[in-house]
2 protein chains.
Amino acid sequence: MNGKCEVTLVHPEVVQRVESLLESREKIYDLANCFKAFADETRLRIMNALLYDTLCVCDLAKLLDMTQSAISHQLQYLRQVNFVVSQKVGKVVYYRLADDHIEQIIKVGLEHIEEGGKYER
Amino acid sequence: MNGKCEVTLVHPEVVQRVESLLESREKIYDLANCFKAFADETRLRIMNALLYDTLCVCDLAKLLDMTQSAISHQLQYLRQVNFVVSQKVGKVVYYRLADDHIEQIIKVGLEHIEEGGKYER
DNA sequence: CTTTTATATGAATGAATGTTCATATATTCA
DNA sequence: TGAATATATGAACATTCATTCATATAAAAG
């Protein structure tokens with residue numbers, strides 16, 4: 001038993017019922033994109049910082065001890081998934097979190113790992 | 001202004017205050033690992049299915065129309081981050097979600113994209 | 001005990017992705 | 001206008017990662 005769809009042992013009733021409940025592929029795709037924003041240390045650190053204040057690119061670079069370029073690239077990424085919004089004041093661009101789903105998701109994630117949900121092996 | 005730490009415009013008070021509030025690097029690392037589990041379509045589809053029932057590897061392969069091998073690899077991944085637990089019954093291995101943080105996180109993610117938080121540009 | 005079946009797993013491969021480097025843009029200040 | 005500064009961005013490079021393929025393990029059935 002190996003190749004795609006050459007599956008022999010299935011529980012047809014269960015499979016059929018679950019199938020009708022699944023989210024659409026498109027929504028799953030969008031969801032994966034959404035979670036990719038959280039799946040990187042640098043982006044998480046940026047969001048973590050923005051939980052507490054609005055910050056400019058330089059502030060973030062200083063805070064994370066990383067180059068302006070690296071921070072800026074990640075901020076563009078976070079802007080594309082609508083996790084941050086920016087406001088330009090003169091030369092300086094200030095970033096803040098776009099909504100509080102970010103805080104919620106980070107909080108639940110922390111709960112999970114604090115209850116032993118860490119990577120193992 | 002370019003290289004690491006050659007930052008000139010910073011808001012020192014703000015940076016210092018935020019710095020004291022940040023999660024530890026270790027926790028951020030664990031958190032990123034945790035979210036990586038959600039950052040892939042296949043794993044999301046698996047978790048989506050397991051929201052509704054306990055399923056064996058064959059069920060999942062059928063449901064997602066993917067090879068047994070691909071599903072199995074991802075299930076091992078999900079087991080390492082403690083997102084699923086398995087139970088062997090004869091030759092068959094049944095998988096279910098380990099806790100309800102997974103459901104919570106998926107729910108908040110869906111809320112985000114349904115409120116316009118999709119990828120843009 | 002041999003065959004079949006369900007699952008696991010190591011290695012290889014191709015695709016996706018984060019950082020760096022160089023440079024572009026835009027705004028302030030002299 | 002010209003120099004300095006804050007940020008953005010494209011290309012290159014290195015790394016990470018998901019799937020495939022081949023094969024191993026383990027349980028059931030004949």
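Remember, it's a predicted structure, so these values are computed and weren't measured experimentally.
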### Query
Given that A:K91 and A:R43 both sit by DNA chain C, which one's nearest nucleotide is further toward the 5' end?
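By nearest-heavy-atom nucleotide position, the 5'-most residue is A:R43.
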### Query
Considering heavy-atom distances to DNA chain C, does A:V89 or A:T42 have its closest nucleotide positioned more toward the 5' end?
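Looking at DNA chain C, the more 5' nearest nucleotide goes with A:T42.
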### Task
Any chance you could measure A:D40, atom CG, to B:K36, atom NZ, to the nearest 0.5 Å?
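One gets 7.0 Å once the value is rounded to the nearest 0.5 Å.
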### Inter-residue atom distance A:L75.CG - A:T42.OG1, 0.5 Å rounding
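With rounding to 0.5 Å, CG (A:L75) is 10.5 Å from OG1 (A:T42).
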Out of [options], which has the shortest distance to the side chain of [X]?
| X | options | value |
| --- | --- | --- |
| B:T67 | C:dT9, D:dA8, D:dT20 | D:dT20 |
| A:Y95 | D:dT19, D:dA8, C:dT7 | D:dA8 |
| B:C56 | D:dT20, C:dT7, D:dA8 | C:dT7 |

In whole Å, I'd like the distance from the [atom1] atom of [X] to the [atom2] atom of [N].
| X | N | atom1 | atom2 | value |
| --- | --- | --- | --- | --- |
| B:F38 | D:dA18 | CZ | C1' | 18 Å |
| A:L64 | C:dT19 | CG | P | 10 Å |
| A:L44 | C:dT17 | CG | C1' | 16 Å |
| B:F35 | D:dT16 | CZ | P | 21 Å |
| A:N33 | C:dA16 | CG | C1' | 12 Å |
| A:R79 | D:dA8 | CZ | P | 7 Å |
| B:Q68 | C:dA8 | CD | P | 7 Å |
| B:Q74 | D:dC17 | CD | P | 11 Å |

### Query
Stacking here means centres under 5.5 Å and planes under 30°; does A:H73 stack on C:dT19?
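Ring-base stacking flag not set for A:H73 and C:dT19.
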### Task
Return no unless some side-chain N or O of B:Y77 is found under 4.0 Å from OP1 or OP2 of C:dA8.
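Answer is no, no contact under 4.0 Å.
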### Task
Would you tell me if any nitrogen or oxygen in the side chain of A:K36 comes within less than 4.0 Å of OP1 or OP2 on C:dT17?
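True: A:K36 side-chain N/O within range (under 4.0 Å) of C:dT17 OP1/OP2.
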### Query
Which word best sums up how the rings of B:H112 and A:F83 line up, parallel for under 30°, tilted for 30 to 60°, or perpendicular for over 60°?
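Judged by the thresholds at 30° and 60°, the geometry between B:H112 and A:F83 is perpendicular.
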### Query
Can you tell me if B:D30 uses its side chain to pair, donor with acceptor, with the backbone of A:I113 under 3.5 Å?
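Flag not set: sc B:D30 to bb A:I113 has no pair under 3.5 Å.
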### Query
Looking at A:L97 and A:M47, what are the two nearest heavy atoms and their distance?
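It is CD1-O, 4.0 Å.
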### Query
Is there a donor and acceptor pair, one atom on the side chain of A:S69 and one on the base of C:dC21, closer than 3.5 Å?
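Present.
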